[in-house]
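Down below is the structure, laid out as structure tokens.
Chain letters run A, B, ... following the sequence lines, proteins first and then strands; every chain starts at 1.
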Protein chains: 2
Amino acid sequence: MKPSHITIKDIARILGVSPSTVSRALKDHPDISEETRNLVKTFAEKVKYRPNALALSLRKQKTNTLGLIIPEIVHHFFSSVISGMEDLAYGEGYHMMICQSNENYYREVINTQALLDHRVDGLLVSISKTTKEFNHLQTAIDNGTPVVFFDRICDEIETDRVITDDFEGARVATEHLIECGCKKILHLAAPKHLLIGKKRYEGYCHALKSHNIEIKEEFTLKCDTREEVLTMRQHLLDIAPEIDGVFAVNDSTAIAIMQVLQQNGYKIPDQIKVIGFGDGPNATIASPPLSTVEQKGYEMGREAVRMLIQRLENPTAPINYQTKIITPTLKKRSST
Amino acid sequence: MKPSHITIKDIARILGVSPSTVSRALKDHPDISEETRNLVKTFAEKVKYRPNALALSLRKQKTNTLGLIIPEIVHHFFSSVISGMEDLAYGEGYHMMICQSNENYYREVINTQALLDHRVDGLLVSISKTTKEFNHLQTAIDNGTPVVFFDRICDEIETDRVITDDFEGARVATEHLIECGCKKILHLAAPKHLLIGKKRYEGYCHALKSHNIEIKEEFTLKCDTREEVLTMRQHLLDIAPEIDGVFAVNDSTAIAIMQVLQQNGYKIPDQIKVIGFGDGPNATIASPPLSTVEQKGYEMGREAVRMLIQRLENPTAPINYQTKIITPTLKKRSST
DNA sequence: TTGAAAGCGCTAACAG
DNA sequence: CTGTTAGCGCTTTCAA
């Protein structure tokens, strides 16, 4: 940043008025003669004067900047979230300072600190997988910087949150299979100790129960990556003759099992129907295009920013924290 | 940002010394007694003092912030770029302010302005598709804010750039098909007026020529999206019997044609080999996994930041702008 | 209607 | 070794 930026002082000096006059003229302060105002405004325009946001922030004690801490940028869901955040923030006159924790607790702490050092007005955070301690965030809140959690929330801290309704998404997906005529549905699940694993499993069970379908233990397999599908290939093929539907905890797992089944002569969706969860870009590329449950990252991002700005602009409002639940919607394609 | 942040002045008052003493003690200035230094440092630590980055920036005329303008965050390539940028910037003590132009010229201009208002030390930009005018960026450079272009560069502005070697990538891909025994290679191309379309076409031709394979005009088809493949389905199937290889300008097109061919009984790679360009996450999910040319977004991001910081930290160095060309590498999988 | 002065938080030149 | 002062760019009393 070269000193070549023109300042209010420069304008004042050149025009032979005081800096305060310039400042007032520029922002249409009432106590200013129209003459001076025009003079100043015209000149400012001519020399392309732009206020220094740093100085403004320092003075106003408000940066109009939102800090974001995200586990991984390269991930369709998270990048959609960022996109939604950026779009809304931009529209509301805020900017985003973005840090990625790379799923590393230590880095998450440093990032938080750095964002606070920059005096961001608020924080948007999705906690990293390795984070077990939340002092860094609690402290931020205690010191007056509001935090909104999204997706990977932290139960121990009371604040605003936006999450996906995993239970409901899974329920809808399973229900859809049932409506398509499936009675023997395999669930490829994430580990139960992960919240999403647990919730999606529960949604699956709920749907079965409400249709009086027996929940067989052997029909839920811990298998949540493409690689795992390939490793378990034989076991999956052994089960295949006994099933007519698969609900996989994510799209890549769903696609992988579709492929394994197809390679072994199963017709999809005729013999076995498959549904995933997440609706990343792969779902449409799969063959047949994969039915799935859309996770709405963009909307989640917007919502988180909306809640944060809401808090920022009503600092005196009574603090009653909200948890906004985003219900994923069924995307019916050709695999079911 | 509540005023509850402790400042140097607060510490000075409490400890009964002057602010400058505190400032000096904190940064291990030589002219300070060990006693005072320890006193100050211990106290600062106790009250968790953190310097205000805004004040620092204003004072030092340096923000340690890099501005990024990117067409779309939700895009595997671009999000990889951001990730690479963020990682390196973070390591070098810089932060990133990110704006997306959404392929909109007007918004790109506003974003540039906003970042300059925030006095970012430098700009990283990939221009939007609708940008035909570059004054906003030229002005930035003229006023002393260095700019590094990446991926979507602008020829009219002289500055540092990082680009992918599209010609070479296409050449290597085509060459690979030839080495696998293909002699009749179809090229699904992007429009010639796009730089990547042109360069990749040229690379394809070059490979053919150097192996004395005739370049048939009817073997290059403008077709660069999945949808287009489906639209041209019949035409592609008409040509299919005459070809033994396909080089598609991007992965999704490659995957789409693989699927069309497979649905019509062609065995891949036995009868027809297919290679793509880009190596997004789809490539591995395709069946068979798609051979492709890896575009290295992460590396491109790092490189762009490296060049920018280099410039920032050697302001007096002679300005000789560099163009760094990143050569994509062949990812051989099972479709060839 | 305008200007002078103080201050946001920090540093650095200059005194002492 | 430490304090005083001025100033980064801006706004906002307070006085005139």
Side-chain angles (χ1 to χ4, degrees), chain A residues 1-41 43-44 47-65 116-121 143-144, chain B residues 1-41 43-44 47-65 116-121 143-144:
Chain A
M1 141 184 172
K2 268 221 301 230
S4 67
H5 274 116
I6 185 146
T7 73
I8 276 195
K9 248 169 143 175
D10 296 329
I11 300 185
R13 190 170 17 78
I14 297 171
L15 258 36
V17 295
S18 79
S20 21
T21 302
V22 176
S23 169
R24 284 189 278 242
L26 254 20
K27 56 176 31 106
D28 294 316
H29 188 99
D31 300 351
I32 203 96
S33 75
E34 202 173 317
E35 193 190 358
T36 337
R37 186 184 337 164
N38 289 338
L39 175 69
V40 171
K41 282 192 151 186
F43 184 75
V47 299
K48 296 205 171 67
Y49 166 76
R50 298 250 82 214
N52 181 326
L54 253 41
L56 267 236
S57 298
L58 186 59
R59 179 72 239 255
K60 300 276 202 64
Q61 299 291 78
K62 174 138 188 351
T63 53
N64 272 262
T65 300
L116 292 175
D117 289 354
H118 279 273
R119 300 300 187 264
V120 293
D121 294 335
N143 291 330
Chain B
M1 137 186 174
K2 268 221 303 230
S4 69
H5 274 116
I6 186 150
T7 74
I8 275 195
K9 248 167 143 176
D10 296 329
I11 299 184
R13 191 169 19 78
I14 297 171
L15 258 35
V17 294
S18 79
S20 26
T21 301
V22 176
S23 170
R24 284 190 279 243
L26 254 20
K27 56 175 32 110
D28 294 316
H29 189 98
D31 302 351
I32 203 95
S33 76
E34 203 173 316
E35 194 189 359
T36 338
R37 183 181 342 161
N38 288 338
L39 175 68
V40 170
K41 283 192 150 184
F43 185 75
V47 298
K48 295 207 174 61
Y49 166 75
R50 297 251 84 212
N52 181 325
L54 252 40
L56 271 196
S57 298
L58 186 59
R59 181 70 240 257
K60 300 274 203 64
Q61 299 290 80
K62 173 138 193 346
T63 54
N64 272 263
T65 300
L116 292 175
D117 288 355
H118 278 274
R119 301 299 188 264
V120 294
D121 294 335
N143 290 330

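Listed here is the closest heavy atom pair of A:Ala12 and A:Pro19: CB-N, 3.5 Å. Pairing each heavy atom of B:Ala25 with each of B:Arg37, the nearest pair is O-CG, 3.7 Å. Between A:Tyr49 and A:Ile6, the shortest heavy-atom contact is CD1-O, 3.5 Å. When every heavy atom of B:Asn64 is checked against every heavy atom of B:Asp121, the shortest pair comes out as N-OD2, 2.6 Å. Counting all heavy atoms, side chain and backbone alike, A:Leu26 lies closest to A:Ala44 at CD1-CB, 3.9 Å. Of all heavy-atom pairs spanning A:His118 and B:Leu54, the tightest one is O-CD1, 3.7 Å.
Nucleotide C:dG9 holds its C1' atom 17 Å from the NZ atom of A:Lys60, rounded to whole Å. Put simply, CG on A:Asp10 is 10 Å from P on D:dC8, counting in whole angstrom units. Note: NE2 (B:His5) to C1' (C:dC10) measures 15 Å, nearest angstrom. Atom CZ of B:Arg13 is separated from atom P of C:dG7 by 13 Å (rounded to the nearest Å). As a whole-Å value, the separation of A:Asp117 CG from C:dG9 P is 14 Å. A straight line from CG of B:Leu58 to C1' of D:dC10 spans 9 Å, rounded to a whole angstrom. The interatomic distance linking B:His118 (NE2) with D:dG9 (C1') rounds to 15 Å, in whole Å. Summarising the geometry, the separation between CG on B:Leu15 and C1' on D:dT2 is reported as 14 Å, rounded to the nearest angstrom.
At least one side-chain nitrogen or oxygen of A:Gln61 sits closer than 4.0 Å to the OP1 or OP2 atom of C:dG9. Residue B:Ser20 places none of its side-chain N or O atoms closer than 4.0 Å to OP1 or OP2 of D:dT5. For the pair B:Thr36 and D:dT2, the criterion of a side-chain N or O lying under 4.0 Å from OP1 or OP2 is met. One finds no side-chain N or O of B:Lys62 lying less than 4.0 angstrom from the OP1 or OP2 phosphate oxygen of D:dC8. Under 4.0 angstrom from either OP1 or OP2 of C:dG7 there lies no side-chain N or O belonging to B:Lys9.
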*asked:* Run A:Leu58 and B:Asn52 through side-chain contact (heavy atoms from CB on, under 4.5 Å) and show every step you take.
replied: CA-CA 9 Å; A:Leu58 186 59; B:Asn52 181 325; 4.2 Å; yes
*asked:* side-chain contact (heavy atoms from CB on, under 4.5 Å) for B:Asp10 and B:Thr7? Distances and angles first, verdict last.
replied: CA-CA 5 Å; B:Asp10 296 329; B:Thr7 74; 3.3 Å; yes
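Checked against D:dG9, D:dT12, C:dT11, the side chain of A:Arg24 finds its nearest nucleotide in D:dT12. Taking every side-chain heavy atom of A:Leu56 into account, D:dC10 is the closest of D:dC10, C:dT1, C:dA5.
Listed by residue number, B:Asp31, B:Ile32, B:Ser33 are the residues of residues 25-35 of chain B with a heavy-atom contact under 4.0 Å to DNA chain D.
Residue contacts for A:Thr7: at a heavy-atom cut-off of 4.0 Å it reaches the sugar-phosphate backbone alone, with no base atom in range.
Overall bending of the helix from C:dT1-D:dA16 to C:dG16-D:dC1, expressed as the angle between end axes built from five pairs apiece, is 60° (10° steps).
In this structure the side chain of A:Lys41 reaches within 4.5 angstrom of the side chain of A:Asp28, judged on heavy atoms.
From B:Arg119, atom CZ reaches atom CG of B:Asp117 across 6.5 Å, with rounding to the nearest 0.5 Å.
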